[in-house]
Amino acid sequence: MNEKKKIAILGSTGSIGTQALDVIRANPDEFVVEVLTANGNADLLIKQALEFNPNTVVIADESKYSFVKDALLPHDIKVFAGSKAVTEVVQTESIDMVLAAIVGYAGLESTIAAINAGKQIALANKETLVVAGDLVTALAKVKGVNLYPVDSEHSAIFQCLAGEFHNPVEKIYLTASGGPFRGKDKNFLNGVKKEQALKHPNWEMGAKITIDSASMMNKGLEVIEAKWLFGLKPEQIDVIVHPQSIIHSIVQFTDGCMKAQMGLPDMKLPIQYALGYPNRLKSDFPRFNFLNYPALTFEQADTKTFRNLALAFEAMNKGGNAPCILNAANEIAVAAFLKDEIGFLEMSDLVEKCLQTIHFINKPSYADYVETDKETRRVAANLI
Ligand code: NDP
């Protein structure tokens, strides 16, 4: 029998983290949990620790340390607190693979630490590549670390490329559901509230990515993520709206042939593919039935109404620290929208303003990215 793969889950209490634990629970002969981390959801972290018995748990919110420590005291589980502990614990020798599933810029440092320690990465945290894709992919190359995509679109591209790595890609199409506001105009969007934006038609996800999906920023972040993951030029990446979310993305080769990966929209599939790579593990996930989907449809993305997608393409084309600015401004914008401090369309205004005003750096260092993120957050918060 193969040795079980030892997994660290960063962000185990989130949407991706909990679904990854579903996958691990269903495959006890394949995986064992070494590390679990959360930000503030101590109750769920404790519950997960009691079920999966990891070596170590980390609660980033230090005020919850004693609570978690006391609850796990009778068990042989190490407990640490603070963000620094998250970046330290990923380096534990016994870990084979780190699932990077913290949301936002907060996931960058721990993912870099895991790559530095030579751990294989299952990458859900797309912001890592948006912010510092050049440095992260270069580091992964030096360290011999593979970045296995968890995002369903990128998993689709990765699966379409299996056996084709020597064949040049002409183009990729990332599919987008269009979110809850597909087809709506600016008048409508002006008045939408967070409760409407948080209702995604096809996917159940964390709050930040759900808002990003409604505003099309998620697709913009994915475009930049794809550039780095697959070493593509900006003009090789296109977005096509596909409301049914059955085709998860498409690769077009230089002979004109297109390969698409399809299946029901369920994040457990790409999570399992990344954790289990190169094997496809048997699953009892619901199977796709063609007769339930007699029409798969496709539309042009409306980048005039959903300006975030256009802004993301602009930032990618500009390069340097522009995607880092885009990401930080967007994180502030989404948080403000979720607190009813700004309207839905004002999120794009804020991102655009930051892209125009923050100092551009053509070849940023890691320190430059950290500074850009900090400065953008400061400027964006002042603009609200
Ligand atoms: P959630 O908000 O559901 O979960 C985020 C996780 O990160 C939680 O465990 C949270 O802990 C933890 N966390 C949040 N902030 C911090 C912090 N500052 N320090 C340490 N831990 C923190 O997000 P999702 O699971 O939806 O998304 C995670 C990532 O995966 C994102 O980058 C997203 O873009 C990407 N992704 C998600 C998909 C999905 O279907 N959900 C699909 C494709 C990609 P706590 O619960 O304690 O707050």
Side-chain angles (χ1 to χ4, degrees), residues 8-23 35-49 57-65 67-68 80-90 98-111 113 121-131 147-156 174-177 179 198 200 202-213 215 217-226 229 245 248-249 265-271 273-274 327 330-331 334-335 338 373 377:
I9 304 184
L10 312 186
S12 64
T13 49
S15 161
I16 293 291
T18 50
Q19 292 181 84
L21 287 172
D22 290 343
V23 167
V35 170
L36 296 173
T37 83
N39 190 27
N41 192 344
D43 289 329
L44 184 54
L45 182 66
I46 291 165
K47 193 163 168 255
Q48 293 176 338
V57 301
V58 182
I59 183 95
D61 177 348
E62 297 184 32
S63 70
K64 307 266 173 78
Y65 172 70
F67 181 67
V68 179
F80 298 105
S83 311
K84 201 157 172 277
V86 179
T87 60
E88 280 166 8
V89 85
V90 294
V98 172
L99 171 60
I102 290 175
V103 61
Y105 178 87
L108 176 67
E109 206 184 337
S110 48
T111 308
I121 306 287
L123 188 71
N125 179 271
K126 62 191 82 184
E127 294 89 348
T128 290
L129 290 181
V130 172
V131 170
L147 304 173
Y148 298 105
V150 167
D151 230 328
S152 59
E153 294 78 359
H154 305 74
S155 176
L174 296 178
T175 52
S177 70
L198 283 169
H200 195 279
N202 302 343
W203 299 97
E204 289 258 343
M205 309 177 285
K208 193 247 174 191
I209 184 174
T210 306
I211 300 299
D212 283 347
S213 297
S215 72
M217 181 56 93
N218 183 49
K219 208 48 55 182
L221 300 179
E222 287 178 6
V223 164
I224 303 171
E225 180 187 13
L229 267 179
S245 298
H248 298 306
S249 280
D266 181 345
M267 279 309 295
K268 285 200 280 299
L269 243 165
I271 292 170
Y273 189 71
N327 179 70
N330 181 59
E331 287 192 24
V334 172
L338 284 171
D373 178 78
R377 282 167 198 271

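One-based numbering, in listed order, for ligands and for the atoms of each.
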Open item on the list: Would you say that S213 contacts M205 through its side chain, given a criterion of any heavy-atom pair below 4.5 Å between the two side chains?
Closed with: yes
Contacts under 3.5 angstrom, residues 123-131 side chains, donor-acceptor by atom type, not counting sequence neighbours:
{"unit_1": "N125", "atom_1": "OD1", "unit_2": "T128", "atom_2": "N", "d": "2.9"}
{"unit_1": "N125", "atom_1": "OD1", "unit_2": "T128", "atom_2": "OG1", "d": "2.5"}
{"unit_1": "N125", "atom_1": "ND2", "unit_2": "I102", "atom_2": "O", "d": "2.6"}
{"unit_1": "N125", "atom_1": "ND2", "unit_2": "G104", "atom_2": "O", "d": "2.9"}
{"unit_1": "N125", "atom_1": "ND2", "unit_2": "E127", "atom_2": "OE1", "d": "3.3"}
{"unit_1": "K126", "atom_1": "NZ", "unit_2": "D151", "atom_2": "OD1", "d": "3.4"}
{"unit_1": "K126", "atom_1": "NZ", "unit_2": "D151", "atom_2": "OD2", "d": "3.0"}
{"unit_1": "K126", "atom_1": "NZ", "unit_2": "N218", "atom_2": "OD1", "d": "2.5"}
{"unit_1": "K126", "atom_1": "NZ", "unit_2": "E222", "atom_2": "OE2", "d": "3.2"}
{"unit_1": "E127", "atom_1": "OE1", "unit_2": "G104", "atom_2": "N", "d": "3.4"}
{"unit_1": "E127", "atom_1": "OE2", "unit_2": "G104", "atom_2": "N", "d": "3.4"}
{"unit_1": "E127", "atom_1": "OE2", "unit_2": "K208", "atom_2": "NZ", "d": "3.0"}

Task: Side chain proximity check, H248 to P270, heavy atoms < 4.5 angstrom - done: no
Task: side chain to side chain donor-acceptor pair (under 3.5 Å) partners for S83, two or more places apart - done: none
Open item on the list: Under the rule for side-chain contact (heavy atoms from CB on, under 4.5 Å), what residues qualify as partners of Y65, not counting sequence neighbours?
Closed with: K69, V79, A81
Open item on the list: Under 3.5 Å, is there a donor on one side chain and an acceptor on the other for N41 and T13?
Closed with: no
Task: Amino acids contacting ligand 1, non-hydrogen cut-off under 4.0 Å - done: G11, S12, T13, G14, S15, I16, A38, N39, G40, N41, A60, A101, I102, V103, A106, A124, N125, K126, E127, D151, M205, G206, I209, M267
